[in-house]
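Just below is one structure, and these are the notes that go with it.
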Amino acid sequence: MDRNAPIQELNGVGPKTEKILQKLGVYTVGDILLAFPRDYKRMPEPEHISVAEPEKVYAFHVRLCSSPVTRNTRAMQISTAQFSDGTGKVEAVWFRMPYICNQLNREPEVILYGKLTLKNKKYVMEQPAVWKPDEYRKMQISLQPVYSLTKGISSKQFGKLVHTALDSVKEDGEYIPEEILARHQFMGLREALEKVHFPTDLEELTGARKRLAFDEFFLFLLQIQRFKEHHEQTPNGFPVVRDEFIEVVAEQLPFPLTNAQKKTLEDLEKDIYSPYAMQRLIQGDVGSGKTILAFLIMAKFAHEGYQTAIMAPTEVLARQHYDTFQKWIAMFELDFPVILLTGSLTTKEKREAYARMETEQNAMIIGTHALIQEKALYQKLALVVTDEQHRFGVRQRETLADKSSRLPHVLVMSATPIPRTLAIILYGDLDISVVDELPAERLPVKNCVVGPKMREKSWNFILDEVQKGHQAYIICPLVEANEELELQDVTSYVKKLEQYYGDRISVGLLHGKMRPAEKNKVMEAFVTGEIQVLVSTTVVEVGVNVPNATVMMIEDAQRFGLAQLHQLRGRVGRGNAQSYCILMNSSNGKNAKERLNILAGSNDGFYIASEDLKMRGPGDFFGVRQSGLMEFKIADVFSDADMLSIASEEAKEYVEKCNLNDCEKDMRLETTLKNAYKMTEYSTNI
Ligand code: ADP
Ligand code: MG
């Protein structure tokens with residue numbers, strides 16, 4: 001079977017499963033192999049029902065007590081069965097799985113695995129996984145993958161499909177040159193894919209991850225190298241008059257620019273007057289005030305009669321920039337058109353936006369990746385800014401750059417505090433300016449690390465803040481409850497919170513699986529203060545600016561990387577009031593507490609990133625999405641820093657070799673790059 005075969009051709013994938021898989025971004029057989037687990041677990045020893053407690057996840061070794069039954073309700077078929085293990089009883093309930101009854105009649109002795117709940121004084125497990133006891137024993141020896149899934153499919157089912165895919169795809173698909181694999185003793189691609197899904201132990205998993213992390217970095221860096229070759233020393237095609245425009249506008253700001261902002265602005269001005277096109281990264285901690293810099297430089301181009309575009313990673317952020325830009329335009333009494341272009345605009349609105357882009361030659365255009373869609377045509381596009389660029393692949397940047405007849409200036413803004421050595425590798429194609437200073441009158445955020453026992457107290461604290469007129473964020477790692485991960489999810493959290501607060505507080509819900517229009521509505525309601533407490537996944541992580549929010553509470557904080565937590569915390573402390581960050585640590589591990597204490601002890605992103613780097617060893621990565629940086633699927637800029645350096649060396653050498661102009665090798669580079677595009681595809685599925 002070919003990797004590129006549509007997923008529905010895989011055994012076991014019917015039309016229903018196909019839809020579910022597509023929702024997860026799996027369209028081909030190859031895609032499912034690249035849908036890496038988000039976590040691993042070892043299956044627990046079966047427990048006696050008599051000592052079990054409700055609301056926890058267990059395995060029970062049980063026997064069927066009576067024949068299972070399936071009822072037809074209007075909504076669905078519900079099957080129930082009674083079990084006992086000799087020490088106690090449990091009822092199991094399955095939805096839409098009538099075939100389970102036959103299976104149980106044939107195999108009355110099973111292992112049930114799932115979350116135990118107490119209903120009408122009876123123990124119940126909803127939708128437990130079922131295994132034959134000997135199968136279960138076999139599984140206990142190895143690590144079990146847990147996938148990021150959606151309703152309608154379990155990790156067990158997903159894992160089975162991965163198995164089938166591995167069995168059906170015969171060719172190994174290797175694209176990394178033999179000598180590189182040998183030099184670093186990397187696993188082959190096929191083996192790495194097998195082991196990343198089904199490792200028997202940590203060592204195998206580490207080996208597989210290492211290889212795959214290398215791939216991601218290597219392919220990504222090849223693209224950068226490519227980009228650099230094509231665009232180095234691009235002539236500056238957009239001459240501008242050297243004048244005081246920017247300074248004059250900046251003077252009208254209600255606040256003085258910080259020295260770091262001024263210095264960066266000088267870099268930008270130097271670039272636009274230079275004979276070559278700008279290719280610059282602005283790295284500045286959260287809240288350091290990067291947006292105004294983008295605005296000022298864009299305004300300068302508008303003043304000169306050129307178009308500019310700023311691309312944000314989310315709708316929420318694009319709209320926020322749009323509002324901010326309009327506010328500034330009015331404040332400075334400028335007369336430049338501002339155009340919004342995002343995916344959630346209606347067809348008519350989009351058509352209008354396109355039409356305006358064609359006629360308004362000095363427009364400031366703000367949008368999401370809709371900006372690079374085919375229909376978007378620009379006039380005299382002089383500058384492209386990408387905000388929080390780590391969310392964009394190089395390819396998107398390149399596409400946007402290609403939309404102009406002359407190559408525009410490129411400015412990239414990022415709040416991720418990557419140590420300089422790594423930044424130079426990751427942004428090898430760009431000059432770097434650092435905004436290493438926060439506006440003066442900000443009060444540092446007060447932090448605390450607490451356990452779940454303090455949850456109610458924290459909620460009361462939030463209530464107090466809200467009654468003082470402020471707002472709060474609460475972040476949970478999951479969108480929906482996942483039986484296999486005992487983590488907070490936003491969907492049930494909102495319900496709990498609403499119950500707790502009653503009508504004293506209005507609570508809102510935000511996550512990446514909502515439709516863009518819905519997200520906008522929620523975010524707008526939060527901006528206007530209509531929503532007082534926003535329960536959200538990490539979609540608010542990048543760039544959201546609501547200065548009235550003073551509390552950031554993060555559930556299961558130990559599950560996030562420190563750099564990411566720092567980003568989240570950066571959503572508060574943006575106004576004049578004292579702000580607070582509550583880090584809820586639901587693990588008992590010593591390591592987790594120590595890591596969180598680093599964060600609590602400092603508000604300096606660069607310091608935190610470097611400490612985090614020091615503290616983590618290999619094998620520490622489970623479940624922690626360190627940074628969400630650049631949307632690598634598996635690689636992590638922080639914990640895989642060593643792979644990043646290796647990949648950087650190898651990518652350089654490889655490109656040099658290919659450029660010795662051996663046609664065959666160049667073909668190979670093309671194929672490798674094709675793979676690269678596939679692996680580093682933009683993903684918004686948070
Ligand atoms: P980030 O660098 O994280 O993107 P923003 O550009 O969103 O930060 O700026 C955060 C807030 O700080 C905004 O409300 C912005 O208007 C404000 N701000 C920017 N520069 C200054 C400054 N020099 N003094 C005071 N406030 C500033
Ligand atoms: Mg920002």
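Position 1 is the first residue of the sequence; numbering continues from there. Counting convention: from 1, in listed order, for ligands and their atoms alike. As a basis for the values below, the full set of heavy atoms in this structure was taken, side chains included, without hydrogen atoms, waters or symmetry mates.
Interface atoms of ligand 1 facing Thr291, defined by a heavy-atom separation under 4.0 Å, are 4 (O), 5 (P), 6 (O), 7 (O). Under a 4.0 Å criterion applied to the non-hydrogen atoms of Gly287, ligand 1 contributes the atoms 1 (P), 2 (O), 3 (O), 8 (O). Here is the list of ligand 1 atoms found below 4.0 Å of a heavy atom in Pro439: 21 (C), 22 (C), 24 (N), 25 (C), 26 (N), 27 (C). Short contacts between ligand 1 and Thr258, defined as distances under 4.0 Å to a heavy atom of the residue, involve ligand atoms 23 (N).
Looking at Ser344 and Glu315, their side chains do bring a donor and an acceptor atom within 3.5 Å of each other.
Residue Pro256 places a heavy atom less than 4.0 Å from ligand 1. Ser288 counts as a contact of ligand 1, since one of its heavy atoms falls under 4.0 Å from the ligand.
Judged as a ring pair (Phe, Tyr, Trp, His ring centres under 6.0 Å), and not counting sequence neighbours, the contacts of Tyr580 are Phe461.
For Trp328, no nitrogen or oxygen atom sits less than 3.5 Å from a nitrogen or oxygen atom of ligand 1, counting backbone and side chain alike. Here's the thing with Gly289: one of its N/O atoms is less than 3.5 angstrom from an N/O atom of ligand 1.
The main-chain N or O of Arg515 is found under 3.5 Å from a side-chain atom of Glu518 such that the two form a donor-acceptor pair. Judged by distance alone, with hydrogens and angles left aside, the side-chain atoms of Glu555 form no donor-acceptor pair with the main-chain N or O of Pro477 at under 3.5 Å. Using modelled atom types, one side-chain atom of Asn236 and one backbone atom of Ile272 make a donor-acceptor pair closer than 3.5 Å.
In this structure, OG in Ser586 is found 7.5 Å from CD in Gln488, a value given to the nearest 0.5 Å. The CD1 atom of Ile608 sits 4.5 Å away from the CG atom of Leu599 when rounded to the nearest 0.5 Å.
Proximity of Arg574 to ligand 1, defined as any heavy-atom pair under 4.0 Å, is confined to the side chain (atoms from C-beta onward).
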